[in-house]
Amino acid sequence: MEKSLARYIWSNTRLQQLWILTVVAVSMIPYFLSFDLPKQIVNGPIQGSGFEGEGATQTFMHLSYSLPWMGEVVFFKGLQLDRYQMLMGLSLVFLALVVLNGLFKFYINTYKGRLGERMLRRIRFELIDRVLRFPPSHFKRVKSAEIATMIKDEVEPMGGFTGDAFVSPALLGGQALTALAFIIVQNFWLGMIAAGIVGVQAVVIPRMRKRLLELGRQRQLTARELSGRVGEIVDGIGTIHSNDTSNFERADIAARLGLIFSIRYDLYQWKFLVKFLNNFLAQVTPFLFYAIGGYLALQGRLDIGQLVAVISAYKDLPGPLKELIDWDQMRQDVQVKYQQVYEQFNVEPLIDSKIQEIPTGPVGALTAALVVTNLTVSDDSGARLVDHVSVEIKPNETVAVVGPNSSGAEAFAEALGRLVWPDSGRVTIDGKDLLEMPESITGRRISYASADSYFFHGTLKDNLLYGLKHAPLTDPGYDTQAALEAKWHAEEAVKAGNPTLDLNSDWVDYQAAGASGSQDILTAIRPVLDAVLISEDILDLALRSTVNTKVHVGLADHIVDLRNALRDRMQESDLGNIVVPFDFDAYNAQATVGENLLFGSMQRPMMNNRRLAAHSYFQALFRDTGLSDDLYAMGLEIAENAVELFHDLPPDHPFFQQLTFMTADDIPTYQALLQKLQSRRFDDATAEERSAIIRLSFAYIEPRHRFGLLTDELMAKIVSARKQFHRDIPADLAAVIERYDPERFISSASLMDNVLFGRIAYQQADASERIRAIMGDLFDSLELFDDVLSIGLEFDVGSGGKRLTMVQRQKVNLARALLKRSDYFVFNRPLTALDQRVQDQITHNIVEGLHREGERPAIIWVLSNAKLAEIFDRILLFDRGNLAEAGNFPELSEQNGMFKELLS
């Protein structure tokens, strides 16, 4: 990176800067003329100079120029105008100059803005490019929030300054010098007064602003540190809660905010002091002009037109001068920020940019052995993690790496995966250093997975296929308009020094995963998900998700078949009638009162319970059917029973898990509400209180809660109200509420609800799991499993994949590595969150699955269970950073060495 911001700007925008400086120079001509015109208007047509005689005229717009070899050349003889005509003519010229000066300013400022935005885009991209090329060890010393803040906020002023870097001093300085030169031409002493004041402002103000720059630098540093500290709190919120250190964090944040406040307060005081002095000097000059200029005019040494012109010219002098001083402050401020960015991002050694270039041809397989020669790896403190290890791993070999924690096995695997750089020694393939090989080879032909997994915000499928997104492979297929927009964006990218890679292209290398395209990628994904034992988890995600019927048309068309097949399977098994289907003419005892009344699914977020309850049609239905009184009375009974039974229990008591309508925190609220509503009359309660009571009855399920509150009469009344609700439902509600229909797919309901079309009885605890297993078989038998799997893969994993459990994250991370079908697989204890039995099963699945049909990629696996090394060709045993033992399982298990101790 350039150390000087000015050099960085000039080196990237010199041609544009030269062009805009030329435009600025040309703009000074009409700017000067606009100062001289007021004097001509006042002295000429207004005061009558040159129009002394009756009917006197003067030449207007006479254009001529004297050339040495041609004499005077007349371009336009001009027009003869009388006094009034001359006044209008000169005024129109003045107006034209005002418009012309305005157009110059418009063009210059627009050009500056575009230039600044391009430079901002350039520098942000360059900084992120450098982040992508930082050495791995550097990320242990920086906070992600601070890096993000610098790229997002701290370089923002640099973009605005780019357009001003050379143009502003030329434009503002030119305007100020033009105005000052015009004043000196009119009167020398008035010009010297203006020059003196300008000199004081140019010398004193910048000196005073040095303190502002230092305070601004301190503010920037403290704000960045605050951002990093907030990022730490967010990332470590679990540690904070588990250690009761939230108040310590509050104290730390309060102290940082206090420091920022004191810096900003000092900054404001100094800033307004400088502004006061600057404004004072600016206002003193007109006073001197009026006093001294007026005195000279009274003595006849200065005519009125000149005085007016001088005052008019000085009116335009403080503005450019003030902006010029502001520019100088901004220049110093931006240079300070750029220096901080330079220090933060000028990291050595950076990964060579050629290593990350897109290859021009296909990437071949790695057929040579992986050779580790005298490898030494240290941590940040200098402690040796791997100490002079040499080993060779053949392309088709399976190698188990074992050893106790901190034995060096993990660091050895990280070195093979290029996550750490060796202090000495090399890792080579076919004589080429692994660190010097292009990432297009190592990132595709070598797969690495560890227990530390990170997922980007997006769907599960996006993250699974992330390891296949190396380069744009297919044309997005733009229409004419979109193609023109894409071309414009590409041209702008080139001007800003950005790559022209099209994000809208399909980046997924389907062939690398063993598929021909997006239409059959699931056939490649499913065996991998089965191998890491996560297919059932994704099936559960799919069953809890809603289905996009436009995408999954086949699944929606087969929903009725699925419902019938599920009923048949349950009848064949001992589950019998464990699912109570929805029936429009009957009350479903396993569903809530609210579900029975609605008998449909709401399209969220367009409709929810609160909006439905507030709808006039729904409220009228309640009044007309008398359900308001019934459900209010029922809610009171529920509240009394719940308060009586659970008010003495601790909040974490398991009984509260059965209360779907009330939490432990709600008990005191309803206890106070019951005391207030002792009359139990519906009319005595406020609308808010009625809503709180009726809400309890909406979530009530008789077989689950067993308060004996649902009579046959009340159930029949609810069914009758349901029929009336759907019979006369208004159009606005019909558009957002889908009625349950046994012959139709309900798009706003989950897949599970669509297939069940009913509710599972609560009498059998494991009924839900057994029904899910039956559903899985049904999806397979009807060839719909891939459709269901794709629904589960559309699950949003959240920030950093935090919507997945740790076990799920590690499984998906392993599946992502397997999808690449590399030549070398490096697994560094990738499943530490799983119990040993499941780890062993997944390890067996992967080793056996990868080595089939003649395919034998190399597998290097750092094992947590040494006994599992039996299925590997060779074993490397590490101890205290050294390769202590090496051999196959029979050899090492028979020797009285360290490996035998690990087995025992």
Side-chain angles (χ1 to χ4, degrees), residues 5-6 9-10 12-41 61 63 88-124 155-183 198 282 309 311-331 333-334 484-485 487-489 491-497:
L5 178 61
I9 293 172
W10 182 256
N12 288 293
T13 62
R14 68 168 67 85
L15 293 178
Q16 294 90 338
Q17 298 287 357
L18 288 172
W19 164 250
I20 199 65
L21 286 173
T22 303
V23 174
V24 167
V26 173
S27 71
M28 291 299 107
I29 298 171
Y31 188 71
F32 182 88
L33 294 175
S34 66
F35 288 145
D36 191 59
L37 262 181
K39 180 186 75 172
Q40 294 183 33
I41 293 172
M61 294 292 290
L63 300 176
M88 292 298 105
L90 292 176
S91 298
L92 288 173
V93 171
F94 183 79
L95 179 61
L97 288 174
V98 169
V99 172
L100 185 58
N101 286 326
L103 289 174
F104 268 113
K105 284 185 178 180
F106 175 78
Y107 178 81
I108 292 169
N109 288 324
T110 303
Y111 195 92
K112 285 195 310 179
R114 186 166 65 248
L115 194 62
E117 289 303 314
R118 282 179 185 159
M119 180 56 70
L120 179 60
R121 178 177 176 177
R122 178 188 294 274
I123 192 170
R124 278 177 170 162
V155 300
E156 183 90 24
M158 298 176 197
F161 179 72
T162 297
D164 293 326
F166 302 99
V167 176
S168 284
L171 176 63
L172 299 173
Q175 289 178 343
L177 289 175
T178 301
L180 187 61
F182 180 80
I183 294 172
V198 167
I311 294 173
S312 176
Y314 182 76
K315 182 189 68 174
D316 289 337
L317 181 61
L321 187 62
K322 179 179 179 300
E323 290 181 32
L324 194 59
I325 295 171
D326 290 340
W327 171 87
D328 185 62
Q329 182 190 358
M330 183 171 67
R331 178 189 63 81
D333 187 35
V334 170
L484 290 173
E485 291 182 8
K487 182 181 178 182
W488 180 84
H489 282 295
E491 291 172 351
E492 279 297 315
V494 171
K495 292 175 182 176

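The residues of the chain are indexed from 1 along the displayed sequence. FYI, side chains are in, hydrogens and waters are out, and symmetry mates aren't considered; it's all heavy atoms of this structure.
When atom types are taken as modelled, the side chain of R122 and the backbone of E117 share no donor-acceptor pair closer than 3.5 angstrom.
The distance from the OG1 atom of T110 to the OH atom of Y107 is 9.0 Å, given to the nearest 0.5 Å. Separation of atoms NZ (K105) and CG (L100) is listed at 12.0 Å; rounding is to 0.5 Å. Residue L484 holds its CG atom at 11.0 Å from NE2 of H489, rounded to the nearest 0.5 Å. Note: Q16 CD to M119 CE = 8.5 Å, rounded to the nearest 0.5 Å. Distance check, rounded to the nearest 0.5 Å: CG of L21 to CD1 of I108 gives 9.5 Å.
Annotation for S27 and N101: closest pair O-OD1, 4.1 Å, computed over non-hydrogen atoms.
Using a 4.5 Å heavy-atom threshold, the side chains of F104 and V24 count as separate. With contacts defined as side-chain heavy-atom distances shorter than 4.5 Å, the pair I9/F166 qualifies. Looking only at side-chain heavy atoms (C-beta outward), L18 and W10 come within less than 4.5 Å of each other. Using a 4.5 Å cut-off on side-chain heavy atoms (C-beta onward), V23 and Y111 make no contact. Within the 4.5 Å cutoff, the side chain of R118 has no heavy atoms near those of the T13 side chain. The side-chain heavy atoms of M158 and L120, taken from C-beta on, include no pair separated by under 4.5 Å.
Look at E492 and R114 and you find no salt bridge, because none of the NZ, NE, NH1 or NH2 atoms lies under 4.0 Å from a carboxylate O.
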